[in-house]
Amino acid sequence: MGDLDERLELLSEKSVVETTDPPTTMALSGSPVPLADSAGTGAAVNEQPGEAPVPSTRAAKWPRSILFIIGNEFCERFCYYGMRTVLTLYFLYYLGFSEDSAVSSYHAFIMMAYITPVFGGALADGSWGKFKTIFVLSVVYVMGTAVMSITAIPGATGADPPSPWGAYLGLFLIAVGTGGIKPCVAAFGGDQIDQGGDGVDNAAVARMVQSYFAAFYFAINGGSFVSTLVTPKLRADVSCFGRDDCFPAAFGVPGLLMLIATLIFLAGRKQYKMKTPTRNVTADFAGAVWLSMKHRLCGGRSRVRYPHMLDAANKKYGREFIEDVKSALGVMWLFLPLPIFWTLFDQSGSRWTVQATQMKTFSMGDLGEFRPDQMQAANSLLILLFIPLFERGVYPIFEKMGVPLHPLFRMTFGMLLCAVSFVLAAVIQMHIDSDSVVQVPTASGNTSMVRFLNAGADAVNATMVPDTLSVSLPSGGVTAYQPFVAGILTFGWDGLLPQPTIDITLSAGAVYTVVMYAQFAAGSAADSILIVSDVFDREGHSAPVATSRVSLVNAAPSVGNATLFSQFAVGELNLVVPFKTASSWSSGKLEPGQQTIEISNGTAGTLIQKEMELINGADYMLVLTDAGDGVALNSYIAVGGGSVSILWQLPQYAVMTVGEILFSITGLEFAFTQAPESMKALLQAAWLLTVAVGSFIVIVVAESKLIDDQASEFFFFAGLQAGVSLIFAVMARVYSQKRRRHTAGLDDRGDSEATSLLIPSKIEG
């Protein structure tokens with residue numbers, strides 16, 4: 001969702017931009033623009049005087065095979081992002097992981113998915129070729145989705161809680177599949193386009209490439225946007241296998257889309273252009289670096305001295321290739337601080353999703369309740385809105401003002417905006433925590449806390465002895481919790497002579513609700529009142545994460561065993577409550593939001609349904625009473641919860657998305673323009689590895705448990721990103737100066753351009 005590093009990976013594919021005209025690179029929107037110079041400043045490559053254009057004698061043809069690739073990409077991205085969207089809540093709600101363990105497991109999967117592209121690229125370039133690599137690893141991918149869906153069936157891997165082995169195996173197969181095909185699909189699509197040559201309209205080829213970029217990009221965004229809306233609904237709004245949620249469907253439907261993606265890809269096999277692998281750049285790159293290090297460390301005093309350490313590999317790998325290795329390493333050096341950005345960014349699918357579960361959701365009418373994990377769709381939607389805005393609005397405005405936003409400056413600013421988004425997340429978390437610190441009734445010493453609740457149809461006036469406290473409650477009325485001395489409390493009904501009473505035994509330190517559910521009649525005191533012991537079993541007075549709780553009180557003589565059902569239970573919900581008893585709070589956990597509570601009498605069918613808006617962290621007492629020929633169900637808040645709207649997450653998503661556009665698109669374009677022709681795919685893999693390292697950092701922080709407070713952790717990551725941004729700015733300045741010196745013999749830009757990659761400067765004239 002919003003990962004532009006993979007959505008725009010096609011920018012780094014050499015094969016889709018080569019023509020016989022001067023090289024061009026494609027903007028996401030607009031016309032082809034000149035390829036940036038070797039320093040990445042955006043200066044056009046000069047045409048040689050007198051150079052005649054190649055005559056065009058035939059038009060380039062749009063290959064039908066690309067349609068199969070675009071269809072494949074839409075379905076595959078639907079699968080990947082759909083499964084990833086519900087993954088954190090799967091760990092929390094189904095496997096019973098703690099919040100930190102769920103976050104760590106989520107990021108371990110992300111890390112694997114971004115390490116495996118190195119191996120997929122090596123297979124495609126070195127032995128199997130792109131078609132075989134994509135097909136074989138897609139089959140592995142489908143197997144992984146099947147394992148995830150099947151092992152999510154209750155009982156498939158044990159119970160209370162289920163064993164996570166199925167999730168680990170399935171996610172490993174998915175990571176191998178999605179990561180392995182990641183560097184291949186866009187390049188394979190580029191291979192299908194006629195790259196020009198004598199007798200081909202190269203301008204038409206450039207337009208075709210641009211159209212392919214746009215179609216591929218929107219297939220990715222379309223698949224991710226739809227899936228992040230659909231799969232949370234499959235998880236929460238569908239019941240299956242005796243549970244009130246359905247993770248088998250939430251994993252199975254994306255898995256079906258991946259199967260369709262594989263079949264679509266296979267259907268076009270007779271129309272694809274296949275390229276035989278030549279040189280395995282990844283293996284040769286590693287070999288050259290290893291040989292050079294071995295010569296430096298083990299060559300002894302007799303070793304030959306080279307101007308550069310890598311020159312030791314010239315003889316085996318060729319001087320031109322070694323020069324490319326040097327250039328690639330220079331760009332990789334600049335990649336070193338980048339993982340911190342992904343450390344923050346990918347938490348939108350873990351920590352931010354957990355944060356969303358602590359917030360108040362809203363109803364979407366006929367579409368049902370908006371679910372916390374659906375909030376991740378905001379990133380995909382904002383990406384679709386913001387990219388045209390920046391490409392056609394923001395960047396041109398700055399250019400007209402004479403203040404071009406150079407690549408490394410944009411990346412630095414994007415990293416700072418990422419830090420700002422986490423400051424916003426921290427502020428929201430502080431409000432959530434403050435709002436969720438609830439006042440749980442507690443009694444101490446030789447006292448008890450008691451409240452009185454009139455669930456009957458008539459008003460009640462009563463007096464308590466020995467405290468001589470009078471209570472006057474209309475139907476449905478409830479008092480606040482009040483302290484009473486432990487011992488015998490005599491409850492007497494006023495207005496009747498002689499005054500009927502009942503003795504209530506109060507234990508020291510206990511909390512009670514006295515439920516009056518029927519009008520008093522002579523000799524029926526015990527049949528008019530119910531004493532409920534409120535055991536709230538909370539930790540530190542804080543609201544439970546992502547839950548509301550209900551306790552069902554059966555005060556209906558006509559209902560022998562009341563059974564409560566809700567479609568949105570957290571874990572198992574099996575509340576069967578005999579007459580004159582109440583269920584515990586811990587057994588009635590529900591997801592916050594709009595709920596339909598259904599009460600039945602054993603196998604006699606539904607007695608009553610009640611629509612409720614549950615606040616996160618609140619405890620509700622549901623009292624079932626007889627009413628005429630039927631029953632009534634009334635709800636009373638025992639403990640208040642949080643009420644911070646989930647829509648308050650939109651600002652942090654918006655700021656993060658702008659930072660992503662400035663950082664990720666620019667970073668890919670920068671890596672493309674700075675990479676030697678032979679190393680473009682390798683630098684793409686290096687870029688993806690920064691995402692893997694970012695997830696590894698999240699795992700270390702989560703598992704170390706050094707920061708207990710979530711708001712403080714958000715502030716920590718924001719400060720870390722801000723500090724790393726400053727380090728990156730210094731590194732970018734050094735890099736720009738080195739590039740200036742390297743290209744000093746090729747152009748005469750002067751010292752004022754030394755940092756043009758980083759600092760926007762006013763253009764004279």
Side-chain angles (χ1 to χ4, degrees), residues 9 11-18 23 35-40 115-130 132-133 179-180 182-184 187-188 190-191 195 274-336 668 670-690 692-693 735 738-739 741-746:
E9 62 187 6
L11 284 173
S12 66
E13 301 302 342
K14 166 186 173 182
S15 61
V16 297
V17 295
E18 292 177 340
L35 182 69
D37 65 9
S38 59
I115 290 175
T116 50
V118 176
F119 303 104
L123 279 174
D125 292 340
S127 55
W128 283 4
K130 296 184 182 70
K132 183 177 179 180
T133 300
K182 195 183 297 292
C184 304
F188 190 63
D191 290 344
Q195 295 302 308
M274 309 283 191
K275 290 188 177 181
T276 304
T278 54
R279 184 171 195 169
N280 191 329
V281 175
T282 303
D284 286 352
F285 178 89
V289 173
W290 170 251
L291 181 62
S292 301
M293 291 180 63
K294 183 178 178 181
H295 180 271
R296 170 64 65 88
L297 298 175
C298 306
R301 294 185 178 181
S302 61
R303 70 175 185 268
V304 179
R305 302 289 181 175
Y306 293 101
H308 191 285
M309 182 186 77
L310 288 169
D311 290 337
N314 280 342
K315 184 176 181 181
K316 181 174 181 179
Y317 294 98
R319 187 176 190 84
E320 182 178 353
F321 183 80
I322 295 303
E323 290 300 317
D324 288 350
V325 172
K326 294 176 185 177
S327 297
L329 286 174
V331 179
M332 290 180 183
W333 173 79
L334 205 56
F335 283 179
L336 291 178
L668 280 167
F670 174 78
F672 172 75
T673 58
Q674 300 299 287
E677 289 297 324
S678 65
M679 299 286 171
K680 294 189 185 297
L682 180 66
L683 282 180
Q684 171 69 9
W687 177 271
L688 295 176
L689 278 176
T690 65
V693 176
Y735 178 86
K738 287 184 177 180
R739 293 298 298 179
R741 290 194 296 268
H742 180 72
T743 58
L746 301 178

To check you understand the geometry: which heavy-atom pair defines the closest contact between G180 and T116, and what is its length? N-OG1, 3.9 Å
Shortest non-hydrogen contact from W128 to T133? CB-OG1, 3.4 Å
Where C184 and G120 come nearest, the two heavy atoms and their spacing: SG-O, 3.9 Å
For F119, side chain to side chain contact (heavy atoms under 4.5 Å, CB included) partners two or more places apart: I115
Can you confirm whether W290 is buried at CH2, in the sense that more than 12 heavy atoms of other residues, nucleotides or ligands lie under 6.0 Å from that atom? no
Is the shortest side-chain heavy-atom distance between V331 and Y735 below 4.5 Å? yes
What is the minimum heavy-atom distance between A313 and S292, and which atoms define it? CB-OG, 3.8 Å
If you count every heavy atom of other residues, nucleotides or ligands that lies below 6.0 Å from M293 atom CE, does the total exceed 12? no
Report the distance from atom CG of D311 to atom NE2 of H295, rounding to the nearest 0.5 Å. 10.5 Å
Do L291 and Y317 have side-chain heavy atoms sitting under 4.5 Å apart? yes
Check whether any side-chain heavy atom of L329 sits under 4.5 Å from a side-chain heavy atom of L310, and report yes or no. yes
Closer than 4.0 angstrom, basic N to acidic O: yes or no for K316 and D284? no
